[in-house]
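Here's the structure we're looking at; comments come further down.
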Amino acid sequence: MLFGRRTKNPIKLADKGVVEWKYTTCGYCSTGCSIEVGLDKHGNPVSSRGVADADVNRGKLCIKGILEHELFRNTPGRGAKPLVRDHLWEPFRETTWNQALDRTTGEIKRIQSQYGRDAFAIVSTGQIMTEEFYTLGKLARGVIGTNNYDGNTTLCMSSAVSGYKRSFGSDGPPGCYEDFDHTECLLAFGSNLPEQHPVIYWRLKEALEKRKFPVIVVDPRVTMFAQAADMHLPVNPGTDLVLLNALAHVILKENLHDPDYIAAHTEGFDEFKALVAQYDPTTAAGICGIDEDTLRHVARLFARAKSALSIWTMGINQSTHGSDGVVAINNLHLITGKIGKPGSAPLSITGQCNAMGTREWSSCSGLPGYRALEKEKDRQEIAAFWGVDPGFFPKKRGLFMTDIFPAIETGQIKGLWLIATNPMTSMANTARIRKTLEKLEFLVVQDAYRDVESNEYAHVYLPAALWAEKEGCFTNTERRVNLIRNVCPPFGDSKPDLWIFNEVAERFTDRPHITFPETAEGVFEEMKILSKGNGRMLDISGMSYQKLEQQRGLQWPCREGDDKGAPRLYADGVYQTESGRAKLLALPFVDNNERPDAAYPFWLNTGRVVEHFHTRTRTGKVGNANKFSPTPYMEMNPDAAERLGLRHGEYARLTSRRGDAVILVQLTQRVAPDAVFIPFHFHDCVNRLTLGLLDPHSRQPAFKQCAVHVERAADQQEAAARNVAARTY
Ligand SMILES: Nc1nc2c(c(=O)[nH]1)N[C@H]1C(S)=C(S)[C@@H](COP(=O)(O)OP(=O)(O)OC[C@H]3O[C@@H](n4cnc5c(=O)[nH]c(N)nc54)[C@H](O)[C@@H]3O)O[C@H]1N2
Ligand SMILES: Nc1nc2c(c(=O)[nH]1)N[C@H]1C(S)=C(S)[C@@H](COP(=O)(O)OP(=O)(O)OC[C@H]3O[C@@H](n4cnc5c(=O)[nH]c(N)nc54)[C@H](O)[C@@H]3O)O[C@H]1N2
Ligand code: SF4
Ligand SMILES: [Mo]
């Protein structure tokens with residue numbers, strides 16, 4: 001194919017020899033882009049392209065999606081064979097699947113009989129298929145019977161889940177991407193959409209090109225999104241709740257609320273009103289750092305607009321008041337009646353490709369299909385459906401992921417199964433995590449990559465098939481269920497997670513006998529039955545694999561007989577609470593963050609870059625992703641650097657009350673003089689420093705706020721070597 005001038009230096013795109021395009025869904029972020037992988041005549045994946053008639057991405061992909069097929073070609077670090085060892089000081093040895101699975105189930109049984117059922121914990125992910133989540137839930141709740149079962153979504157989405165449940169009685173993002181086309185005002189809190197959800201951002205830009213509406217970004221850092229916004233509110237770290245209470249204060253004080261909606265569809269208004277009365281803009285400005293005129297202006301814009309949309313991501317969720325922040329956003333929408341209508345919703349932008357799938361079906365926080373362990377009816381229903389004694393289920397959920405690790409530290413938990421998550425790099429205070437993992441009598445790591453850092457502490461490693469090496473569904477940010485078709489066979493002797501869970505289940509002959517469908521589609525059909533009827537919001541009974549591929553995804557609820565899914569929740573103003581009303585909750589602000597002081601004078605903020613995904617087990621192997629973002633670095637304000645005698649491109653040593661890290665300095669006005677920002681993708685780097693104080697409701701860590709000391713590294717050469725070591729691959 002030729003582009004540009006035909007006579008002089010035309011750009012020539014290499015013909016990759018694609019003979020077949022296979023439909024699937026991107027496996028990185030929660031946008032849920034439909035993607036086609038091109039196979040050459042040998043069946044090798046050689047190209048990726050966006051699917052033009054898919055409603056989500058309309059032919060677009062971001063850099064990660066465009067390069068995704070390379071994962072199947074560049075496979076350093078992939079696990080080809082199961083590995084075992086008796087002691088951590090020994091090297092792993094290759095083994096057969098039978099032996100690895102026998103050893104795993106043997107250890108689970110030993111630990112449970114020696115120390116009790118809950119002494120064996122399971123921590124999973126937001127990155128396997130929904131059918132795999134459902135099957136794992138069935139295994140964990142119905143067969144193994146441990147209540148210490150959770151996912152890494154506690155690091156990511158649990159504040160959103162908890163906030164939705166507290167306000168509306170159920171999880172589930174109420175809006176959709178199409179709301180950009182209808183809204184008259186967009187508030188974005190702690191979300192760097194252009195880098196972290198580039199295709200959702202593109203949908204927003206498309207909407208803005210057709211029809212202008214104000215975009216207001218609330219973020220302490222001048223992100224790409226903040227630069228592109230009409231207004232940027234550089235909120236003081238960790239004080240969004242104060243800002244949100246102040247917005248509600250102005251709306252009520254100036255009678256900009258919707259009394260009819262409040263009266264018909266909410267409860268708790270009086271208490272809420274009394275609380276926000278304390279958050280006048282003058283007082284609030286002193287805490288959240290946004291001046292009172294701006295607070296009033298934004299409150300009026302939001303309330304007077306015919307429709308308004310709020311989106312948020314980790315700047316809200318990863319906070320000591322993450323759950324309250326979510327409820328406060330919900331409050332704003334409830335008092336103005338801006339929910340369940342085109343262009344109006346409190347829409348949590350989710351993170352991992354299947355963060356939603358685990359929330360819906362994994363049983364981590366309860367039982368499948370948004371059922372709760374706390375409800376007897378739900379326990380009875382699932383027990384009957386699976387064929388177990390209802391008494392086998394605990395009556396309330398067990399520990400969150402962030403409480404499972406301390407319970408290992410203090411000896412209540414002796415064995416752990418990690419599935420598609422890498423806490424040695426992704427959890428706060430990694431020195432403590434290392435000590436914790438070393439304490440385990442048995443650790444099994446089930447991951448697509450054997451070079452994942454947590455595997456250094458494993459006794460058994462189970463190599464999993466990756467993304468389109470298998471089949472199943474992911475649910476995206478707008479509740480759209482998308483299908484992942486199997487594009488190529490699993491690498492080496494790796495196996496789909498579904499297969500692994502089924503094999504483990506078969507080895508528990510001493511436990512309740514439950515049947516497990518063998519194929520992903522079989523599992524999906526079973527989930528459909530559980531989703532049906534009784535006014536269930538999470539109804540997928542109108543979906544099928546064929547329909548999901550044909551329509552490029554369907555949103556739930558999609559009831560039996562429905563051609564399409566519903567774009568929005570709560571259009572009728574009926575909520576999932578006992579009374580059917582949404583709750584307005586009074587939220588006092590408690591300032592409990594570790595704040596900068598004389599010894600540790602900088603706020604440490606952490607997050608992401610567009611090229612890399614999380615702990616880089618995948619993007620670290622993709623040549624071009626590494627070329628654009630090759631090394632760990634820290635954003636620092638030039639004025640602050642000057643005071644410390646630090647120059648652009650030099651190395652700094654950071655210390656916190658937990659540990660130290662050495663890192664390359666990049667000077668930029670993006671960050672305030674009292675703050676630094678470091679992407680968390682690199683091992684042995686920023687999470688050596690973080691505290692990760694927990695939100696009381698969601699148990700999600702405040703990854704975005706802690707205090708550090710910064711100095712110029714004394715030995716720049718040694719520092720450079722250490723910085724390179726943090727890249728590992
Ligand atoms: N390229 C890429 N894309 C990804 C991912 C990835 O690793 N790489 N991961 C996916 C996942 S799992 C997730 S969860 C999402 C995360 O997506 P985002 O949340 O958009 O990304 P982050 O960079 O973690 O954090 C967002 C912003 O929160 C801001 N912030 C920090 N403190 C505060 C505060 O006190 N208040 C407010 N309002 N903002 C604050 C930070 O400055 C940062 O700009 O991205 C998804 N998409
Ligand atoms: N400082 C700081 N820390 C953070 C954050 C932050 O903003 N700042 N963000 C937090 C957030 S939001 C998140 S979501 C977490 C992410 O933290 P993690 O979940 O620990 O990070 P990943 O690197 O995505 O780990 C997923 C693992 O799953 C493997 N994998 C991929 N696909 C499959 C599969 O199909 N099967 C199996 N078995 N394995 C597979 C990958 O190889 C990888 O090792 O990090 C959290 N940590
Ligand atoms: S925006 Fe997200 S889902 Fe879309 S191609 Fe990029 S990483 Fe994949
Ligand atoms: Mo996340």
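Both ligands and their constituent atoms are indexed starting at 1 by order of listing.
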4.5 Å side-chain heavy-atom contact, Asn476 and Met356: no
Residue Glu518 excluded, over 12 heavy atoms near CD under 6.0 Å: no
Sub-4.0 Å atoms of ligand 2 with respect to non-hydrogen atoms of Gln318: 5 (C), 6 (C), 7 (O), 9 (N), 10 (C), 11 (C), 12 (S)
Ligand 2 contacted by Thr125 (non-hydrogen, < 4.0 Å): no
Location of contacts on Thr425 toward ligand 2, heavy atoms closer than 4.0 Å: neither
Ligand 2 contact on Thr421 by region, counting heavy-atom pairs under 4.0 Å: both
Atoms in ligand 2 flagged as close to His614, the criterion being non-hydrogen separation under 4.0 Å: 14 (S), 16 (C), 21 (O), 22 (P), 23 (O), 24 (O)
Protein heavy atom at shortest distance from atom 38 (N) of ligand 2: Asp497 OD1, 2.9 Å
Any Ser348 side-chain heavy atom under 4.5 Å of Met157 side chain: yes
Trace of the side chain to side chain donor-acceptor pair (under 3.5 Å) decision for His197 with Thr31: CA-CA 6 Å; His197 300 88; Thr31 303; 5.1 Å; no
Proximity winner for atom 17 (O) of ligand 2, if only heavy atoms of Ala702, Ala464, Ser426, Gly607 are counted: Ser426
Side-chain touch Met224/Asn192, heavy atoms, less than 4.5 angstrom: yes
CA sep, side-chain torsions, deciding dist, call: Asp240, Lys704, salt bridge (charged side-chain N to carboxylate O under 4.0 Å, His left out): CA-CA 12 Å; Asp240 295 79; Lys704 303 275 186 257; over 6 Å; no
Atom 41 (C) of ligand 2 - nearest protein heavy atom and its distance: Thr617 OG1, 3.2 Å
Beyond-backbone contact of Ser47 with Trp21, side-chain heavy atoms, under 4.5 angstrom: yes
Side chain, backbone, both or neither: the part of Ile128 lying under 4.0 Å from ligand 2 by heavy atom: side chain
Chi angles and distances behind the side chain to side chain donor-acceptor pair (under 3.5 Å) call for Asn354, Thr130: CA-CA 7 Å; Asn354 205 16; Thr130 309; 3.0 Å; yes
Contact atoms of ligand 2, heavy-atom distance to Asn422 under 4.0 Å: 18 (P), 20 (O), 25 (O)
Residue that, paired with Asn57, satisfies side-chain contact (heavy atoms from CB on, under 4.5 Å) out of Ser34, Pro198, Cys62: Ser34
Heavy-atom nearest neighbour in the protein, as seen from atom 42 (O) of ligand 2, with distance rounded to 0.1 Å: Asp447 OD1, 2.7 Å
Pick from Glu469, Lys470, Lys704: the one approaching atom 35 (O) of ligand 2 most closely through a non-hydrogen atom: Lys470
Ala448 near ligand 2 by a heavy-atom separation under 4.0 Å: yes
Arg616-ligand 2 polar pair, N/O distance under 3.5 Å: no
Side-chain (Glu131) to main-chain (Gly472) donor-acceptor, under 3.5 angstrom: no
Cation-pi geometry met for Arg203 and Phe180 (6.0 Å, 45°): no
Contact atoms of ligand 2, heavy-atom distance to Asn687 under 4.0 Å: 1 (N), 2 (C), 3 (N)
Subset of ligand 2 atoms that lie under 4.0 Å from at least one heavy atom of Asn152: 18 (P), 19 (O)
Atoms in ligand 2 flagged as close to Cys156, the criterion being non-hydrogen separation under 4.0 Å: 12 (S), 14 (S)
Among Tyr28, Phe703, Phe613, Tyr449, closest by any non-hydrogen atom to atom 2 (C) of ligand 2: Phe703
Per atom 23 (O) of ligand 2, closest listed option by heavy atom (Thr615, Ile678, Asn317): Thr615
Ligand-side contact atoms (ligand 2) for residue partner Leu466, heavy atom cut-off under 4.0 Å: 31 (C), 32 (N)
Derivation and outcome, salt bridge (charged side-chain N to carboxylate O under 4.0 Å, His left out), residues Arg480 and Asp55: CA-CA 10 Å; Arg480 187 182 295 273; Asp55 187 53; 3.3 Å; yes
N/O separation below 3.5 Å, Arg618 to ligand 2: no
Atom 26 (C) of ligand 2 - nearest protein heavy atom and its distance: Ala420 O, 3.3 Å
Heavy-atom gap Arg608 to ligand 2 smaller than 4.0 Å: yes
Heavy-atom side-chain proximity of Trp603 to Val671 below 4.5 angstrom: no
Atoms of ligand 2 close to Ala465 [distance to a heavy atom under 4.0 angstrom, numbered from 1]: 34 (C), 35 (O), 36 (N)
Test item, Pro701 contacting ligand 2 (heavy atom, 4.0 angstrom): no
Contact check: Gln352 vs ligand 2, nitrogen or oxygen atoms, below 3.5 angstrom: no
Under 4.0 Å from ligand 3 - residues by heavy atom, chain and number: Cys26, Tyr28, Cys29, Thr31, Gly32, Cys33, Leu61, Cys62, Lys64, Gly65, Pro198, Val199
Heavy-atom side-chain contact between Leu443 and Leu418 under 4.5 Å: yes
Sub-6.0 Å ring centroid separation between Tyr545 and Phe524: yes
